[in-house]
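Note that ligands are numbered from 1 as they come in the structure, with each ligand's atoms numbered from 1 the same way. Positions are given from 1 along the sequence.
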Amino acid sequence: MNSRFDATTTTTCGYCGVGCRLDAHRVGGRIMSISPALDGPANKGHTCVKGRFAHQFTRSRDRLTAPLVRESGGFRLASWEEAIDRIADAFGRIKAEHGPDAIAGLASSRATNEDCYVMQRMMRAAVGTHNIDNCSRVCHSPTSWALRRSFGMSGATGSFDDIEAADVGLIIGANPTQGHPVVGARIKQAAIKGLKLITADPRRIELADYGQLHLGIRPGTNAALLNGLAHVVIRDGLVNESFVAERTEGYDAVAELVEAYTPEAVEEITSVPAADLVAAAHLYARSERGSILWGLGVTEHRYGSECVRLICNLALLTGNVGRPGAALLPLRGQNNVQGSSDHGALPDTFTDYRHVSDEEVASSFEARWGVTMKREPGMKIPEMFDAAVEGRLRAMFIFGEDVAQTDPNTEHVVHALESLDFLVCQDIFENETTKFADVILPASSFLEKTGTFTNAERRVQLVQAANDPPGAAKTDFEILTTVSRALGHEMGYDTPSDVMDEIAELTPRYAGISHARIGRRGLQWPVAPDGTDTPILYEREFELPGGRAQFAALPYKPPGDQADEEFPLILVTGRRLEHYNAGTMTRRTGNLTLMSSDSLEVHPDDAAALGVQDGETVTLRSRRGQVQLPVQITPRIEPGHVFTAFHFPEVRTNLLIGPSADVNTSCPEYKVVAVAVEPAGDRVGEPVGAGAATA
Ligand SMILES: Nc1nc2c(c(=O)[nH]1)N[C@H]1C(S)=C(S)[C@@H](COP(=O)(O)OP(=O)(O)OC[C@H]3O[C@@H](n4cnc5c(=O)[nH]c(N)nc54)[C@H](O)[C@@H]3O)O[C@H]1N2
Ligand SMILES: Nc1nc2c(c(=O)[nH]1)N[C@H]1C(S)=C(S)[C@@H](COP(=O)(O)OP(=O)(O)OC[C@H]3O[C@@H](n4cnc5c(=O)[nH]c(N)nc54)[C@H](O)[C@@H]3O)O[C@H]1N2
Ligand code: SF4
Ligand SMILES: [Mo]
C-alpha cells in the first residue's frame with residue numbers, strides 16, 4: 001500500500017458491466033484517488049475515464065445525507081424513524097384498502113446482488129406482491145428472454161478472455177469503446193494482434209476503424225441482416241453439420257425461412273451492400289473460433305428479443321458456442337444489471353430465473369421466509385405505469401432508478417408518478433423521479449457498501465466499502481432490511497454476506513457462492529457446491545430438454561416507427577463515453593468539463609439540406625414531443641439518421657420516445673424514432689421540453 005494513503009480497498013467498479021476491479025485510496029475520510037487493481041480478471045490492470053476518475057460525486061454537496069419527507073408542496077429534513085413510519089403507514093393503508101398488488105417496487109441495477117435480493121424479498125414477503133422489476137426491462141431483457149429459449153441460461157456463454165482467444169469477432173449494435181471502454185480497449189488490442197473484426201451499426205463506430213468490414217445498417221433491420229448471413233452460410237456450404245445434427249433442433253425450418261433472404265433482398269431492406277454481407281458471412285463462418293458481441297442496437301427494438309435468437313442461430317449453424325474463442329457475449333450494461341435479474345428482481349422469476357409458478361421453487365422460498373405467495377407473475381415496469389394512470393397501482397418504492405429521465409414516453413411516466421398516492425425513492429441524489437416522491441431515503445454509493453456485483457461475463461465479484469456513507473445516509477442493505485422490519489417482516493440478516501448464504505442455499509446454480517470464496521478473481525455462475533465455477537457454458541450440453549439448443553425461424557418485420565414526409569429522419573439514441581445514463585454521478589465529476597451537454601449528431605449532407613451549422617441549436621420533433629439541443633456535424637452517422645444521448649435532464653430526450661416496445665419483453669424501441677429537425681428559430685413560441693434551457 002502506498003504510504004500517502006490512510007487505507008486502500010480493493011473493490012469493483014459501479015458503472016458498467018465490464019466489472020473492473022479497482023483500488024480505492026482514502027485519505028482523511030475521503031476517496032482521493034482510484035487505480036486499477038492489477039489482478040482484475042476483466043480489466044487486467046486497465047480502467048476507463050469513469051472508473052478511474054469519476055468518483056468526486058461521492059463527496060458532492062448535493063448528496064442526499066438525511067431522509068426527506070414531503071410537506072406543503074416541498075420537502076423537509078426528517079429523522080429515519082419518521083421517514084420509515086410514513087412508509088409503513090402508507091403501505092399499510094394502501095394494502096388494507098386496495099390489496100398488496102396496488103404496490104410495486106423497482107430494484108436498482110446499480111446496487112449489489114444482496115441489495116436487489118433483499119428488495120425483491122421485501123416486495124414479495126413484506127408487501128406480498130410479485131410487482132418487482134428492474135431496469136434490465138429497458139436494456140437487455142430481450143437478451144435474457146432469447147438466450148433462455150435458444151440455449152437455456154440467461155448469461156454470456158463465455159468470458160471477455162474469449163475476445164483474445166477468437167480469430168473473428170462480429171460486433172452488432174454495440175459501441176464498446178464508449179459503453180464498455182475496457183472491453184473496447186481489449187478488442188482494439190486484439191484487432192492489432194490479428195483478430196478480424198466485423199462491425200454492424202448505423203454509425204461508423206470507432207472499432208470500425210480497426211476492423212475488416214463495417215456494415216452500415218439501417219436501424220431496425222437486424223433481422224434481415226442476420227437471416228441474410230444465415231442464408232449465405234447455408235447457400236455456400238459453410239454449416240457445421242455435425243454440430244447441427246448432434247446438438248441442435250429446428251434447423252430445417254430456419255433453412256427454409258432464410259432461403260428468401262438473398263444478399264440482394266437483404267441489401268434492399270438493410271442498405272448493406274450484398275457483397276459485404278457475403279464477405280461477412282464467409283469471414284465469420286470460416287473462422288475456427290468466432291465470437292459475437294452485441295448490445296442495445298439489437299435489443300432496444302420492437303423485435304429485439306427475436307433478433308437475439310437469430311444471433312444464436314448463427315452461432316449454432318457454425319458451431320461457434322461452448323469453446324474458447326467461440327462465445328456469445330451480450331454486453332450487459334450497468335455494473336449489476338446481470339445480477340439484479342439473476343437475483344429475482346423480476347416480476348415472474350425468483351433467483352436464477354425460476355418461474356414464480358414453479359411449485360417446488362415457490363414453496364422453498366415460502367418455507368424460508370415464512371409466508372405464502374401467489375403463483376402468478378406481477379407487473380413489468382410499463383404495466384406499472386399504465387396501472388398507476390388507471391388507478392390500480394397506488395404506491396411505488398423506486399430504488400436507484402431515474403424513470404422520469406430514462407424510461408421512454410416521459411409524459412406518460414410523469415403522469416403515472418403524479419397519479420400515485422405514495423412514492424418512495426431511495427437514491428444517492430435527488431433526480432427527476434424524486435421530484436414526485438413523498439419520502440426520499442438517502443443511500444450509499446458503490447464505494448460505501450459491501451456485497452457483490454455480477455458482471456457481463458456472469459462473474460460474481462466482491463464490492464467492499466472504501467468509505468462510509470455521508471451524513472445520516474445508510475447502506476441500501478440497512479435501509480431495505482429496516483423498512484422490511486417496519487412492514488412486519490424481519491429478515492434476520494446481520495450482514496450482506498448472510499444474504500448471499502441464503503441465496504446459495506435456495507439456488508442450486510449458485511450453491512457454491514459465498515463472500516469468503518469469491519476472493520479476488522470472482523466466480524462465474526453456475527458454481528458447484530465445492531466452489532467450481534463455469535467460465536464457458538454448454539461445453540457438452542445445452543440446458544434445454546435433451547441437452548439440445550433450439551433454432552428459431554423468425555422473419556424480418558419492420559420497426560414500430562417509420563419515417564414519412566413530416567418526420568423524414570430516423571433518430572437513434574445511445575450513450576457517450578464521458579457520461580453515464582441518468583448522469584446523476586458523472587455530471588457531478590470532472591467529466592462534465594469533458595462533455596457539458598447532449599448534442600445531435602447529423603451527417604454533413606443532411607446538415608447542408610437542413611441548412612444547419614455545427615453548434616447551432618435545433619428543434620428535434622417526433623410524433624410524441626419535441627426538445628432542443630445543439631447540432632454536431634459528423635460523417636460517422638449514415639445520411640438520413642441522427643443520433644443523441646439521454647444524459648442531461650434539461651434536454652429530456654425521452655419525451656421523444658413513444659410506447660413501442662419489444663413484443664416479448666416490453667423493452668422500449670429507443671433505437672428507431674422518426675423525427676424532424678428544424679433550426680430552433682423556426683418554431684419560437686411553441687411549447688418545448690425544458691430543452692429550451694440549453695439554447
Ligand atoms: N459511458 C457510458 N457507458 C455505459 C453507459 C453510459 O450511459 N455511458 N450505460 C451502460 C448501459 S446501461 C448499457 S445498457 C450499455 C450499452 O452499451 P451499448 O449497447 O454499446 O449502447 P448504445 O450506445 O446505446 O447502442 C449501441 C449501438 O447500437 C447502434 N444501433 C442502433 N440501432 C441499431 C440497429 O438497428 N442495428 C444495429 N446493428 N445497431 C444499431 C447504435 O448506433 C450504437 O452505436 O452501456 C453501459 N455503459
Ligand atoms: N433514449 C434512451 N433512453 C434510455 C436508453 C437509451 O439507449 N436511449 N437506455 C436505457 C438503459 S439501457 C438503461 S439501463 C436505463 C438506465 O436508467 P437508470 O437506471 O434510471 O439510470 P442510472 O443512471 O444507471 O441510475 C439510476 C439511479 O440510481 C442511482 N444510484 C446509483 N448508485 C446507487 C446505489 O448504489 N444505491 C442507490 N440507492 N441508488 C444509486 C443514481 O443516482 C440514479 O439516480 O436508461 C434507459 N434509457
Ligand atoms: S470499463 Fe466499466 S467497469 Fe471498467 S472502469 Fe470503465 S465504467 Fe468501470
Ligand atoms: Mo442498460
Side-chain angles (χ1 to χ4, degrees), residues 14-18 48-50 57 64 106 108-112 115 134-140 171-181 184 199-203 205 215 217-222 225 270 293-301 304 307 330-337 398-408 425-434 441-449 456 475-476 479 559 570-586 591 637 641 643-647 653-654 656-657 667-668 670-673:
Y15 283 108
C16 89
V18 175
C48 79
V49 66
K50 292 186 299 304
F57 75 88
L64 288 166
L106 300 183
S108 180
S109 299
R110 309 301 303 282
T112 63
D115 295 337
N134 77 79
C135 70
S136 84
R137 181 69 49 216
V138 302
C139 181
H140 271 275
I171 301 179
I172 169 163
N175 186 12
T177 56
Q178 307 252 310
H180 300 81
T199 48
D201 201 294
R203 297 184 300 153
I205 56 168
L215 312 175
I217 186 174
R218 195 170 282 152
T221 64
N222 291 321
L225 182 86
T270 62
L293 291 84
W294 70 94
L296 303 177
V298 172
T299 59
E300 287 178 344
H301 286 285
C307 286
L331 294 171
R332 302 299 303 260
Q334 289 150 310
N335 53 316
N336 198 36
V337 65
I398 300 183
F399 159 32
E401 213 170 314
D402 190 4
V403 291
Q405 184 179 338
T406 57
D407 266 45
C425 290
Q426 174 172 325
D427 210 288
I428 57 176
F429 289 108
E430 289 188 76
N431 59 25
E432 293 305 296
T433 309
T434 59
L441 303 175
S444 51
S445 78
F446 73 95
L447 287 163
E448 301 146 2
K449 65 166 101 188
T475 65
D476 289 301
I479 302 171
I570 293 293
L571 168 72
V572 176
T573 60
R575 38 218 14 95
R576 309 277 189 192
L577 173 66
E578 296 80 359
H579 289 287
Y580 195 87
N581 291 350
T584 54
M585 292 150 77
T586 47
N591 288 23
I637 184 129
H641 301 98
F643 177 90
T644 191
F646 59 103
H647 303 311
T653 305
N654 282 320
L656 301 168
I657 316 264
C667 180
Y670 286 118
K671 296 294 192 247
V672 183
V673 184

On the 0 to 90° scale, with breaks at 30° and 60°, tag the Tyr670-Phe646 ring pair as parallel, tilted or perpendicular. parallel

Is the closest N or O pair between Gln178 and ligand 1 shorter than 3.5 Å? yes

Find out whether Val337 and Asn134 are in side-chain contact, i.e. whether some heavy atom of one side chain is under 4.5 Å from a heavy atom of the other. yes

Under 4.0 Å from any heavy atom of Ile172, which atoms of ligand 1 are there? 38 (N)

Output, or 'none' if empty, a list of ligand 2-protein atom pairs in which both atoms are N or O and the distance is under 3.5 Å, rounded to 0.1 Å.
residue, atom, partner, partner atom, Å
ligand 2, 1 (N), Thr573, OG1, 3.1
ligand 2, 1 (N), Asn654, OD1, 2.7
ligand 2, 3 (N), Asn654, OD1, 3.4
ligand 2, 3 (N), Asn654, ND2, 3.3
ligand 2, 7 (O), Glu300, OE1, 3.1
ligand 2, 7 (O), Arg575, NH1, 3.2
ligand 2, 7 (O), Lys671, NZ, 3.0
ligand 2, 8 (N), Thr573, OG1, 2.9
ligand 2, 9 (N), Glu300, OE2, 3.4
ligand 2, 9 (N), Arg575, NH2, 3.1
ligand 2, 17 (O), Thr406, OG1, 3.1
ligand 2, 19 (O), Gln334, NE2, 3.2
ligand 2, 20 (O), Asp402, N, 2.8
ligand 2, 20 (O), Thr406, OG1, 2.8
ligand 2, 23 (O), Ala582, N, 2.9
ligand 2, 24 (O), Arg110, NH1, 3.0
ligand 2, 24 (O), Gln334, NE2, 2.9
ligand 2, 24 (O), Asn581, ND2, 3.1
ligand 2, 28 (O), Gly400, O, 3.2
ligand 2, 35 (O), Ser444, O, 3.0
ligand 2, 35 (O), Lys449, NZ, 3.0
ligand 2, 36 (N), Ser444, O, 3.4
ligand 2, 36 (N), Asp476, OD2, 2.8
ligand 2, 38 (N), Gln426, O, 3.1
ligand 2, 38 (N), Asp476, OD1, 3.0
ligand 2, 42 (O), Asp427, OD1, 2.7
ligand 2, 42 (O), Thr584, OG1, 2.8
ligand 2, 44 (O), Asp427, OD1, 3.2
ligand 2, 44 (O), Asp427, OD2, 2.8
ligand 2, 44 (O), Asn431, ND2, 2.9
ligand 2, 47 (N), Thr406, O, 2.7
ligand 2, 47 (N), Tyr670, OH, 3.3

Hey, does Asn581 have a side-chain heavy atom less than 4.5 Å from the side chain of Arg575? yes

Give the atoms of ligand 1, by number and element, whose distance to some non-hydrogen atom of Arg576 is under 4.0 Å. 1 (N), 2 (C), 8 (N)

Quick look: Asn175 vs ligand 1, heavy-atom contacts under 4.0 Å, and the answer is both

If we ignore angles and hydrogens, is there a donor and acceptor under 3.5 Å between the side chains of Asn591 and Thr586? no

In ligand 1, which numbered atoms sit nearer than 4.0 Å to a non-hydrogen atom of Ala200? 37 (C), 38 (N), 39 (N)

Expected output: side-chain Tyr15 to main-chain Tyr580 donor-acceptor under 3.5 Å: no

Could you tell me, atom by atom, which parts of ligand 1 come under 4.0 Å of a heavy atom of His180? 15 (C), 17 (O), 45 (O)

Those atoms of ligand 1 less than 4.0 Å from some heavy atom in Ile217: 36 (N), 37 (C), 38 (N)

Given side chains that start at C-beta, do those of Thr406 and Val138 come closer than 4.5 Å, heavy atoms only? no

Please test Gln334 against Cys135 for side-chain contact (heavy atoms from CB on, under 4.5 Å), starting from the C-alpha separation and ending with a verdict. CA-CA 9 Å; Gln334 289 150 310; Cys135 70; 2.7 Å; yes

Subset of ligand 1 atoms that lie under 4.0 Å from at least one heavy atom of Asp201: 27 (C), 28 (O), 29 (C), 39 (N), 41 (C), 42 (O), 43 (C), 44 (O)

Identify, by atom number and element, the atoms of ligand 1 in contact range of Asn222, meaning under 4.0 Å from any of its heavy atoms. 34 (C), 35 (O), 36 (N), 37 (C), 38 (N)

In ligand 1, which numbered atoms sit nearer than 4.0 Å to a non-hydrogen atom of Gly220? 34 (C), 35 (O)

With sequence neighbours left out, what residues match Glu432 under side chain to side chain contact (heavy atoms under 4.5 Å, CB included)? Asp402, Ala404, Gln405, Lys435, Pro649

With sequence neighbours left out, write down each residue that passes side chain to side chain contact (heavy atoms under 4.5 Å, CB included) with His140, or none if nothing qualifies. Thr143, Trp294, Leu296, Thr299, Pro330, Arg332

Identify, with sequence neighbours excluded, every residue that meets side chain to side chain contact (heavy atoms under 4.5 Å, CB included) alongside Ser108. Arg110, Ala111, Phe399

At a non-hydrogen distance cut-off of under 4.0 Å, which region of Leu225 contacts ligand 1 (side chain, backbone, both, or neither)? neither

Looking at CD1 of Ile172 and CG of Asn222, how far apart are the two atoms once the value is rounded to the nearest 0.5 Å? 4.5 Å

Tell me, please: is Ile205 in heavy-atom contact with ligand 1, that is, under 4.0 Å? yes

Would you call Leu577 and Val49 a side-chain contact if the rule is heavy atoms closer than 4.5 Å? yes

